[in-house]
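Working notes, beginning with the structure itself.
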Amino acid sequence: SAVRDSALQAGIISSCLDLLRKNTERLESSLKDSPGQSIEAERFGHLIPRWVSPLLLLLESYLKMLSNPRNSLDDIKSDASSSDNRMLKVVEELRDPNMHLEVAKHAFSALQLMCSVRVPEGKAAFDYMRHPSTYLRKECAQACLQVISTVSRKHSIAAKLHKMGVLRTVLELPMECSFPAEDFLVFSILRYIVEDPATLQA
């Protein structure tokens, strides 16, 4: 927890968000000239760098602190001295629903890109499945779904993501992006969207 708190004090949340913003802006700029068109598999690694997945998972681990009583933000806040305004500000930032929604939007943008990758046919399809970008997409898909599942625990955020079209995107993820825990994460997202808060708390 000491390392975690030190990272929070050093501004790791803001740094991660800045990196994601820049990457999403670059992604949207690259795709602006060809809206609705598929992209080559080789381009995926250029549009979604490998560091995006671990960065999303890092943010998700901090967001999980909100629902983990053993790592309560209240404990972190009480441990911080009254003069440590920076730590108190970080705790409030972690509780901000707008920040949760922003992280989910970055994950959602990456999922949308995965759905637009053009899969080759015939013999080229076999080579494509062994291409490094395929493994990168699996990693990224898992990180994105974990983030969306975590932030969707708040029904208001789940409803906003639903209006953005996250449900359709999640259900249309290509087969080559599949991973062992995919069904569980997709089911969790669906549950958070369709069930009201009172039912979820029961």
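Just so it is clear, the structure is predicted and the values come from calculations on it, not from any experiment.
Contact record, L145 with F179: CD1-CZ, 3.6 Å, taken as the closest heavy-atom pair. Between L185 and Q142, the shortest heavy-atom distance links the atoms CD1-O, 4.2 Å. Of all non-hydrogen atoms in R137 and C177, the two that sit nearest each other are NH2-SG, 3.6 Å. Considering all non-hydrogen atoms of both residues, S188 and S149 come closest at CB-OG, 3.5 Å. Between L19 and W51 the shortest heavy-atom distance is O-CH2, 3.7 Å. Nearest heavy-atom pair, A104 versus I148, reported as atom, atom and distance to 0.1 Å: O-CG1, 4.3 Å.
Contact annotation: the side chain of Y192 never approaches that of I157 to less than 4.5 Å [non-hydrogen atoms, C-beta and beyond]. Residues L161 and I189 have side chains not in contact (no heavy-atom distance under 4.5 Å, counting atoms from C-beta outward). Two residues are said to be in side-chain contact when any heavy atoms from C-beta on lie closer than 4.5 Å; E102 and L20 fail this criterion. Counting only heavy atoms from C-beta outward, the side chains of E182 and L173 approach each other to under 4.5 Å. Considering only heavy atoms from C-beta on, R26 comes within 4.5 Å of P49 through its side chain. Using a 4.5 Å heavy-atom cutoff, the side chains of E93 and L17 are in contact. A heavy-atom distance below 4.5 Å is found between the side chains of I13 and M99. Inter-residue side-chain proximity for S152 and I193 is flagged as unmet; no heavy-atom pair is nearer than 4.5 Å.
Residues I48 and L57 fall into different hydrophobic clusters, defined by Ile, Leu, Val, Met, Phe, Trp and Tyr side chains chained together at heavy-atom separations under 4.5 Å. Cluster membership for V170 and F187, using ILVMFWY side-chain heavy atoms within less than 4.5 angstrom, is not shared.
With rounding to the nearest 0.5 Å, the separation of CZ in R191 from CZ in R153 is 10.0 Å. Within the model, atoms CD of Q112 and NZ of K105 stand 11.5 Å from one another, a figure rounded to the nearest 0.5 Å. In this structure, CD in E172 is found 9.5 Å from CG in L167, a value given to the nearest 0.5 Å. Between the SG atom in C140 and the CZ atom in R50 there is a gap of 10.5 Å [rounded to 0.5 Å]. L58 CG to I12 CD1: the interatomic distance, rounded to the nearest 0.5 Å, is 4.5 Å. Expressed to the nearest 0.5 Å, how far CG of N98 lies from NZ of K160 amounts to 6.0 Å.
Heavy-atom neighbours of F184 CZ from other residues, nucleotides or ligands within 6.0 Å: at or below the threshold of 12. Atom CZ of R21 is surrounded by more than 12 heavy atoms from other residues, nucleotides or ligands within 6.0 Å.
Between the side chains of E60 and T150, a donor-acceptor pair is found at a separation under 3.5 Å.
Not one N or O on the side chain of H155 forms a donor-acceptor pair closer than 3.5 Å with the backbone of V194.
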Review point. Under the side chain to side chain contact (heavy atoms under 4.5 Å, CB included) criterion, do V151 and L63 qualify, and how do the steps go?
Key: CA-CA 8 Å; V151 302; L63 294 177; 3.6 Å; yes

